2 protein chains.
Amino acid sequence: MDRYVELLRKKGLKVTPQRLEILRYLDKNRIHPNIERIYSDLKKGHPSLSKTTVYNVIDDLSRADLLQILTIDRFEILCDFKAEPHHHFLCKECHKVYDLDGDFSCHLLEKIRSEGFQVDEVHGYFKGTCRSCSKGKKEE
Amino acid sequence: MDRYVELLRKKGLKVTPQRLEILRYLDKNRIHPNIERIYSDLKKGHPSLSKTTVYNVIDDLSRADLLQILTIDRFEILCDFKAEPHHHFLCKECHKVYDLDGDFSCHLLEKIRSEGFQVDEVHGYFKGTCRSCSKGKKEE
DNA sequence: TCCAAGTTTATAATGGTTACAAGATTATAA
DNA sequence: TTATAATCTTGTAACCATTATAAACTTGGA
Ligand SMILES: [Mn+2]
Ligand SMILES: [Mn+2]
Ligand SMILES: [Zn+2]
Ligand SMILES: [Zn+2]
């Protein structure tokens with residue numbers, strides 16, 4: 001059975017072509033797209049797709065914990081297929097969002113847990129200039 | 001000379017009553033208010049204040065690095081007087097945003113710096129249930 | 001004191017997101 | 001299968017937070 005069908009079934013969500021396409025798209029395109037990007041990319045192969053549906057599906061999937069919504073960028077909502085926990089780097093020059101593998105267990109996290117905070121999510125957002133952009137600057 | 005006057009001067013911003021009031025408000029009220037909250041709180045003592053001005057001033061101050069804008073909550077922009085670097089915990093029950101003192105230096109940060117990322121900002125956003133809300137739940 | 005540059009304000013425009021309702025699809029059970 | 005209820009998709013309209021505009025005002029420096 002299709003991997004994505006299974007994911008939806010497990011979460012008790014009805015299996016629809018729209019949900020499958022969006023899930024597959026996010027899994028295959030780990031580029032942290034915004035709503036507009038998802039919509040315009042998928043519209044090509046599915047012209048009847050409505051933007052309302054993209055909003056609805058993203059909402060359903062994030063509630064079902066099948067994707068996470070990044071808030072690293074003040075100006076737009078970015079979507080990320082929910083794989084292993086990881087963190088993000090936003091380059092202020094090229095606006096690319098990089099995935100950062102590797103856990104950041106830190107003192108701070110242990111400390112607040114010991115103080116009674118029940119931590120469910122840890123979002124690490126780093127911002128600055130990525131390697132290729134700093135190179136470009138030096139050469140100027 | 002007034003501390004806030006000095007802050008503005010140093011950044012080359014003209015000193016206006018609106019900028020001073022907003023700066024002072026944010027310094028004295030470390031509650032991570034949103035635009036609406038800042039506006040309605042300050043409107044009381046300054047009825048001619050316009051919401052456009054709040055937007056403009058917040059924009060100026062954040063560009064001048066006198067405040068930071070938190071993106072921990074997908075649904076609103078929260079403002080934070082720029083004091084020592086610190087991180088944040090959002091309680092999903094009571095929606096309070098807690099300041100977390102203490103640095104989180106972690107392997108991940110060192111690693112990406114060594115890989116050539118130039119990191120200017122580190123935002124640690126933790127989400128879950130705060131102590132008083134977990135207590136409340138147990139007692140139910 | 002005077003002036004240019006920058007700021008505040010009310011108002012209007014914008015545009016991303018949400019509400020709605022009709023029609024289509026899905027899951028389930030007969 | 002077929003029937004049925006629940007749920008989903010879609011286009012349209014409404015909403016509302018944010019931004020644009022332009023006139024009046026304020027600031028800082030000459
Ligand atoms: Mn990611
Ligand atoms: Mn804070
Ligand atoms: Zn870059
Ligand atoms: Zn709480």
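Because the structure is predicted, anything quoted here is derived from the model rather than measured. Proteins come first, then strands; the chains are lettered A, B, ... in the order of their sequence lines, and each starts at number 1. The figures that follow rest on heavy atoms only: side chains count, while hydrogens, waters and symmetry mates do not.
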Point to revise | Sugar-phosphate only, base, or nothing, as touched by Asp60(B) at under 4.0 Å among non-hydrogen atoms | key: nothing
Exercise for review: Identify whether any heavy atom of Thr16(B) sits under 4.0 Å from a base atom; if not, whether one sits that close to sugar-phosphate; answer base, sugar-phosphate or nothing.
Suggested key: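 Since only primed, P, OP1 and OP2 atoms lie under 4.0 Å of Thr16(B), the category is sugar-phosphate.
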Check your understanding: Considering every strand shown, what is the Watson-Crick or G-U wobble mate of dC3(C) when both distances are under 3.5 Å?
Key ->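 The base-pairing partner of dC3(C), which may sit in any strand shown, is dG28(D).
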What is the distance, rounded to the nearest whole Å, between atom [atom1] of [X] and atom [atom2] of [N]?
X: Leu20(A); N: dT25(C); atom1: CG; atom2: P; answer: 15 Å
X: Arg9(A); N: dT26(C); atom1: CZ; atom2: P; answer: 11 Å
X: Leu8(B); N: dT7(C); atom1: CG; atom2: C1'; answer: 13 Å
X: Asp59(A); N: dT10(D); atom1: CG; atom2: P; answer: 16 Å
X: Arg19(A); N: dT9(D); atom1: CZ; atom2: C1'; answer: 10 Å
X: Ile22(B); N: dT8(C); atom1: CD1; atom2: C1'; answer: 11 Å
X: Ile58(A); N: dG16(C); atom1: CD1; atom2: C1'; answer: 15 Å
X: Glu36(A); N: dG15(C); atom1: CD; atom2: P; answer: 12 Å

Check your understanding: Does Arg3(A) pair with Asp27(A) as a salt bridge, N-O distance under 4.0 Å?
Key -> yes
Review point. Below 4.0 angstrom, N of the basic side chain to O of the carboxylate: do Arg24(A) and Asp2(A) qualify?
Key: yes
**Study point:** Upstream residue (5' side of DNA chain C) when Val54(B) and Phe75(B) are each assigned their closest nucleotide
**Key:** Val54(B)
**Study point:** Given DNA chain C, 5'-ward residue of the pair Leu13(A) and Asn56(B), judged by closest heavy atom
**Key:** Asn56(B)
Point to revise | Phosphate OP1/OP2 of dT10(D) contacted by Gln18(A) side-chain N/O (<4.0 Å) | key: yes
Check your understanding: Heavy-atom count around Arg131(A) CZ within 6.0 Å, excluding the residue itself: above 12?
Key -> no
Review point. Would you find more than 12 non-hydrogen atoms of other residues, nucleotides or ligands less than 6.0 Å from Lys96(A) atom NZ?
Key: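 At most 12 heavy atoms, drawn from other residues, nucleotides or ligands, come within 6.0 Å of this atom.
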Exercise for review: Please tell me which of the listed nucleotides, dT18(C), dT9(C), dT9(D), lies nearest to the side chain of Leu49(B)?
Suggested key: dT9(C)
Point to revise | Closest to side chain of Ser50(B), choosing from dT9(C), dA17(D), dT10(D) | key: dT9(C)
Check your understanding: Can we call the ring centroids of His32(A) and His88(A) under 6.0 Å apart?
Key ->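 Distance test on ring centres: under 6.0 Å, yes.
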Study note, to complete from the structure: Of Lys14(B) and Thr52(B), the one whose nearest nucleotide on DNA chain D sits closer to the 5' end is Thr52(B)
